[in-house]
Amino acid sequence: METIHLKSVDPTSQALLKSAARRGIELSWERLERLQPQDGFQRLGLSCPYGCMQGPCRIDPFDRGAGKGSCGLDRETMVAATLLRLTLQGLLESMERLAAADDFPRVSFSAPLLHLLEQRRETIGQTLPGAGDLLKAAAMLCRPSASSEQLLSQTLRLSLLAIACLDQEAAQEATETTAAGGECRVGYGAAEGRPVRIGLCGRLSADLLSALRQATTGESALPVALVSLGDWLHAGDGFVPIISTSGEAELPLSAGLIHLLVAGQGTDPGLLALCRQMGIPVFPADTDCDPGLLLDQARKVYGASSQLEPLPDPPPLATGVVPSAEGGGAMPPTGAGEKIAFVGGADTPQATMGSLPVELAARLRDHGWQVASWGDAALWMVKDGLCLPEQTAPVTLLADRVGPWQGVKQLLAAGQGDRLQGICFTGLKGNSDLAVALGLACLGCRVNVATPLPLGGSRPFQERLAATLALLGGQFVQQTEPVQAKKMAEWFLGA
Amino acid sequence: MKVIAVHPDRCTGCRTCELYCATERGSNSKNLLQAATEEPLPKARVRVEGGGSLSFPLQCRHCRQAPCIDACLAGALVRDEESGLVVIREGLCIGCWTCTLFCPYGVIFPWPERKIALKCDRCLYMERPVCVDVCPTRALEVVDMADYDQFLQGKGSQVATGLAYAGPGLLLLDLQHPA
């Protein structure tokens, strides 16, 4: 209870955390605590990622136990293979978003991306990365015969493919009417005025979202609101109001603020278990159902339950606007020499929720820098009022996931690539984020991931990665422990 | 005197104790991810021996008649008066490693890079030994020697119960109605 303030910087979240603790509800923070200590071999990348089923093998980092796997795989190659496996998974995640039904996606390169790759052919190979690289990576991960150099080279090629996927995804979105930016209401007061709330989580189809929106509009004695639990869901001319960041998605459920959950792909099992515990019905997004029935069910739950923790009056609410990237308005139209930092990404329970994005953005702005953000980090900045237009240098919001690449592309197109001083990922939501972070480093960006990655087991591999990225003009840094805003700001300012 | 007791039935041989002992007690950074790349490589004061279905974390037993103390030529190994533990004064250690030869459990290790002997001091100056803290199966436990009889009694009772219920052919003890 005394350490509630270490879990989140949001005072309302802190009150909800206390309330959940009083009622004996276990949330993600408690689960993480129970998971300690973490598997040290896995954290270092020294648990063998090959699926040969002849181990499992792991290498002792302090030379006291096994120095090699049963097949003879050494420490350096094991770490390299771990990174390749994660990147391959990340690329497949990105490709899945592009895939039409029953069709393997074709990845192609846009002209600006092609131009960047042309400049790097000497390091990444003469042929452009393509679908064949997927198969090659799979073959490399079949048995450990490839060297760490080959594994690293393949990893970087896959990461560039991940950027191409992101580029294509952004282009696909641009052809749809929903692609434009829009206004986003963020905070526990996001559904103010509508007492019944349906929570949305994970990936939802545009059809379902549209049907739900249609059903919830109009007059009613008991109006129902749609609220997102941390996902940026575009609907109509804006985004579905976001009640919490994805890292804190369990809090509104534990406080009885949600009366029905629509769970799309990617919904954590912890959320579903919490719904069961709280008696909140869950509707799987991939099943057919009449939206009207869902609304009736949510109203029934609302009628039978009571809100467990009163919110402040008025409940906190902030608004941000994601500019339309296609209109060229995402990057702030400031002086050409002004420095820009990208600070975005997911929440991580290993650090106090919200502390890094908010404090880092404030520090960088104190130095006269522009800050652009996406994902959970952007939500924290909106909540903290850093995006308000009356601020001297309001934080620019970028589109979720595709935002960092779109931002880089826009700066390059405007001939202002040198304004970008670095990209900080506050957390990674999945391997696709890791692949994108690596890909951006390959394209010459300075990238800093604020969470530990399983690379610590081999210094020679880390040095090789750094040297290869230096040849490409980029930098890739990972933190070995939750990083403080001050330290991260120093990394930016030291550019 | 408090020592580290081991529940061998709980040890899975995961070696988490070794990793974190080496990091916490042997590294400069005290951070696993950085410790793995330090030079000289940190060393653990506990070793998991055996393997498969029988593994056992071994560390200094702090013997009441400790041969290592008698063997130490430089007087580096002494018994700490307050805690009763056998500790090494690293500043006096000359790295002759006679103690490693005399230790009946083989739990004093040479550390050639630093030219000293290395042994467990039960994290004397910490609140709890790090290996006990990190063991995921709670196979390690701090017990007070004063409670040792009780600890053994508990173990004895467990063994007796196990034997009694192992099967009809082994039903030797009537625990419900002791004589």
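All figures in this text were calculated on a predicted structure; none of them were measured in a lab. Labels below follow one simple rule: chain letters A, B, ... track the order of the sequence lines, proteins then strands, and each chain is numbered from 1.
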Sidechain-backbone polar pair: A:Arg58 side chain, B:Cys14 backbone, donor-acceptor under 3.5 Å: yes
Side-chain heavy atoms of A:Gln36 within contact of B:Asp133, under 4.5 Å: no
Is the number of heavy atoms from other residues, nucleotides or ligands within 6.0 Å of CZ (B:Phe102) greater than 12? no
Heavy-atom pairs under 4.5 Å with chain A are the metric here; pick the option from B:Pro42, B:Pro136, B:Cys135 that has the most. B:Pro42
Crowded around A:Lys68 NZ? As in, over 12 foreign heavy atoms under 6.0 Å? no
How long is the span from the CZ atom in A:Arg64 to the NZ atom in B:Lys43, to the nearest 0.5 Å? 9.5 Å
Using non-hydrogen atoms only, which part of B:Phe109 is less than 4.5 Å away from chain A: side chain, backbone, both, or neither? neither
Kindly give the heavy-atom pair with the smallest separation between A:Ser458 and B:Thr37, and that separation in Å. C-CG2, 4.3 Å
Is the number of heavy atoms from other residues, nucleotides or ligands within 6.0 Å of CD (A:Gln350) greater than 12? yes
For the residue pair B:Leu32 and A:Leu44, what are the closest heavy atoms and their distance? O-CD2, 3.6 Å
What's the shortest heavy-atom distance between B:Leu33 and A:Thr480, and which atoms? CD1-O, 3.5 Å
Between B:Glu18, B:Arg15, B:Glu38, the one whose heavy-atom pairs under 4.5 Å with chain A are most numerous: B:Arg15
Specify the closest pair of heavy atoms between A:Gly456 and B:Ala36, including all atoms of both residues, with the distance to one decimal. O-CB, 3.7 Å
Can you name the residues that form a salt bridge (Lys or Arg N to Asp or Glu O under 4.0 Å) with A:Glu250, not counting sequence neighbours? A:Arg31
So, taking the atom named CZ in A:Phe62 and the one named SG in B:Cys21, what distance separates them when rounded to the nearest 0.5 Å? 9.5 Å
Looking at B:Lys115, I'd like to know if its NZ atom is crowded, meaning that more than 12 non-hydrogen atoms belonging to other residues, nucleotides or ligands lie closer than 6.0 Å. no
Distance (rounded to the nearest 0.5 Å) between A:Phe41 CZ and B:Leu19 CG: 4.0 Å
At what distance, to the nearest 0.5 angstrom, does CD of B:Gln34 lie from CZ of A:Arg459? 9.0 Å
Evaluate whether atom CD of B:Glu81 has more than 12 neighbouring non-hydrogen atoms of other residues, nucleotides or ligands under 6.0 angstrom away. no
Under 4.5 Å, counting heavy-atom pairs only, tell me which of B:Val48, B:Leu41, B:Thr16 racks up the most with chain A. B:Leu41
Check each atom of B:Ala35 against the heavy atoms of chain A and say whether the ones under 4.5 Å are side chain, backbone, both or neither. both
